[in-house]
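What follows is a short report on a single structure.
All of these numbers come straight from a predicted model, not from anything done at the bench. A note on names: the letters A, B, ... follow the listed sequences, proteins ahead of strands, and every chain is numbered from 1.
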Amino acid sequence: MTSVDTSALLSWFDRAGRPLPWRGPGVGAWEILLCEVMSQQTPVARVEPVWRAWLERWPGPAELAAAPAADVIRMWGKLGYPRRALRLQECALVVVDRHDGEVPTDVEALLALPGVGDYTARAVACFAHGQRVPVVDTNVRRVVARAVGGAAKAGPPSTRRDLAEVDALLPSGRERAVAFSVALMELGALVCTARVPRCDDCPLASSCAWLAAGRPEWDGPRRRTQTFAGTDRQVRGLLLDVLRDGDGTADRDRLAAVWPDPVQRGRALDSLVADGLMVRTGDVYSLPG
DNA sequence: CATTCGTGGAA
DNA sequence: TTTCCAAGAAT
């Protein structure tokens, strides 16, 4: 079983890791949970300003739980996947009601929180509570696929298999395991990137199975290219943006202006209402109170 | 296990 | 211009 040179990795992180605000000392578990949720499928650079503004307005779960949903959706801004904002508020409510306002420490309890899945639960357990648990995100999957597996990219995700694979690489000590996960993610974000890997700058280059094999191209099935233009997803985004920018309400005419096709517009509006991102009152749509 | 769900920057 | 993809979760 090939392993990862933890010492080289940690040394690289000390030298090249980004000073992200949620990595500083004294950052609480709620603040870390918040940044992890915001970072789901969203570039970290876009998260930072929103994370700061959010915490300034709602420092903890109690404040967030008491906020109007419309304000929560607005504050989420354009991070994307706005349902995450609603789940985050539900999460705050659960933390307040069932966990005495404190972010749970067990992975199992974390997994039960709205909007918290396999990655986020372990990221919080590890980064916020210092636990030795495997943390597997897209970066880690890619780095391991290359450095250990010798493949250009990771295969289709399989939680059980991915967790077991990374768990086998985890250093035995708790603190070292935490540092390992932070550094592995950072390596994937800065060096072992999806498009143009910077192998010249990689601390794992001397032991990387993919590099040793001559960086062979990915021969597996090509992922179905996800179209976006014309999808319900785009339409939902355009429609919600109308409400976010204005006073929080819009009639059918204003909504029709951003997407003329009544069938698709209607379907998108129905789904937005079903998700709780909008409410309909007669002819007017508005952000939820 | 496969789909759906925003948004924007970079190659 | 088009394509890829970024600290995933829920269904």
Side-chain angles (χ1 to χ4, degrees), chain A residues 17-18 20-23 31-51 73 76-88 90-91 110-128 134-143 152-163 166 178 181-190 192-198 218 221-245 258-259 267-268 270-272 274-277:
Chain A
R18 295 167 295 181
L20 298 176
W22 44 81
R23 283 182 183 155
E31 293 154 84
I32 290 176
L33 188 158
L34 181 65
C35 91
E36 295 299 343
V37 170
M38 288 180 167
S39 300
Q40 291 164 0
Q41 295 289 283
T42 300
V44 164
R46 226 182 300 167
V47 167
E48 213 177 306
V50 180
W51 182 79
I73 293 169
W76 188 258
K78 311 202 77 170
L79 289 179
Y81 297 137
R83 291 185 299 185
R84 287 185 292 163
L86 297 182
R87 293 200 193 106
L88 189 55
E90 295 168 23
C91 174
L110 286 162
L111 280 170
L113 298 175
V116 176
D118 291 305
Y119 162 74
T120 304
R122 291 176 178 79
V124 171
C126 179
F127 306 148
V135 180
V136 183
D137 74 331
T138 183
N139 288 309
V140 170
R141 279 169 33 76
R142 183 176 55 250
V143 173
K153 53 172 70 175
S158 162
T159 302
R160 283 183 60 104
R161 184 162 42 76
D162 296 339
L163 284 174
V166 173
V178 173
S181 288
V182 176
L184 208 57
M185 285 176 59
E186 190 76 340
L187 188 69
L190 299 183
C192 194
T193 56
R195 301 246 180 104
V196 187
R198 305 179 56 190
W218 174 248
R222 185 163 302 183
R223 267 186 308 190
R224 190 173 66 81
T225 171
Q226 63 158 8
T227 56
F228 178 65
T231 59
D232 286 3
R233 209 141 130 211
Q234 181 194 24
V235 177
R236 283 168 52 107
L238 290 171
L239 292 169
L240 188 60
D241 201 36
V242 173
L243 298 192
R244 256 191 318 243
D245 281 352
V258 298
W259 199 262
R267 189 169 64 230
D270 285 348
S271 70
L272 285 165
D275 286 344
L277 287 164

Does [X] reach a base, just sugar-phosphate, or nothing at all? Heavy atoms under 4.0 Å.
X	result
Pro114(A)	sugar-phosphate
Arg244(A)	sugar-phosphate
Leu20(A)	base
Asp118(A)	sugar-phosphate
Trp76(A)	nothing
Thr138(A)	sugar-phosphate
Gly80(A)	base
Val116(A)	sugar-phosphate
Pro82(A)	sugar-phosphate
Leu240(A)	nothing
Ala194(A)	sugar-phosphate

For a quick test of reading the model: is some side-chain N or O of [X] closer than 4.0 Å to OP1 or OP2 of [N]?
X	N	value
Gln40(A)	dG8(C)	no
Arg142(A)	dA6(C)	yes
Arg236(A)	dG6(B)	yes
Thr231(A)	dT4(B)	no

Nucleotide of [options] approaching [X] most closely (side-chain heavy atoms):
X	options	result
Lys153(A)	dA7(C), dC5(C), dA6(C)	dC5(C)
Phe228(A)	dA7(C), dT7(B), dA11(B)	dT7(B)
Lys78(A)	dA6(C), dC5(B), dG8(B)	dG8(B)
Arg233(A)	dA9(C), dG6(B), dC5(C)	dG6(B)

- Query: Shortest non-hydrogen contact from Thr231(A) to Thr227(A)?
  - Reply: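 Here Thr231(A) and Thr227(A) meet closest at CG2-O, 3.5 Å.
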Mind calculating the distance between [atom1] ([X]) and [atom2] ([N]) to the nearest angstrom?
X	N	atom1	atom2	result
Glu36(A)	dG8(C)	CD	P	9 Å
Arg46(A)	dA6(C)	CZ	P	12 Å
Leu277(A)	dT4(B)	CG	C1'	14 Å
Arg83(A)	dG6(B)	CZ	P	6 Å
Asp162(A)	dA9(C)	CG	P	12 Å
Tyr81(A)	dA6(C)	OH	C1'	10 Å
Leu243(A)	dG6(B)	CG	C1'	15 Å

- Task: Could you check Arg23(A) against Gly115(A) and say which one's nearest nucleotide on DNA chain C is further toward the 5' end?
- Result: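 Checking each residue's closest nucleotide, the 5'-ward one belongs to Arg23(A).
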- Going by modelled atom types, is there a donor-acceptor pair between the base of dG8(B) and the side chain of Thr42(A) at under 3.5 Å?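 Counting by modelled atom types and ignoring angles, no donor-acceptor contact under 3.5 Å is found here.
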- Task: In sequence, state the C-alpha distance, the side-chain angles, and the governing distance for Ile73(A) and Leu86(A), and then conclude on side-chain contact (heavy atoms from CB on, under 4.5 Å).
- Result: CA-CA 7 Å; Ile73(A) 293 169; Leu86(A) 297 182; 4.0 Å; yes
Distance-only, no hydrogens or angles: does the [X] side chain make a donor-acceptor pair with backbone N or O of [Y] under 3.5 Å?
X	Y	answer
Thr193(A)	Leu190(A)	no
Arg83(A)	Asp275(A)	no
Gln40(A)	Gly115(A)	yes
Arg122(A)	Leu163(A)	no

- Query: In terms of the nearest nucleotide of DNA chain B, which residue is placed more toward the 5' end: Gly77(A) or Ser158(A)?
  - Reply: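 First, find each residue's nearest nucleotide; the 5'-ward one identifies Ser158(A).
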- State which residues pass side chain to side chain contact (heavy atoms under 4.5 Å, CB included) with Tyr81(A); sequence neighbours excluded, sorted by chain then number.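 Side chain to side chain contact (heavy atoms under 4.5 Å, CB included) check on Tyr81(A) returns Gln41(A), Arg84(A), Arg233(A).
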- Using the six-membered ring for Trp and the full ring for Phe, Tyr or His, decide whether Tyr119(A) stacks on the six-membered base ring of dG8(C) (centres under 5.5 Å, planes under 30°).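 One would not call Tyr119(A) stacked on the dG8(C) base.
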- What interatomic distance, in whole Å, is found between C1' of dA7(C) and the corresponding atom of dA2(B)?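 After rounding to an integer number of Å, I get 23 Å for this pair.
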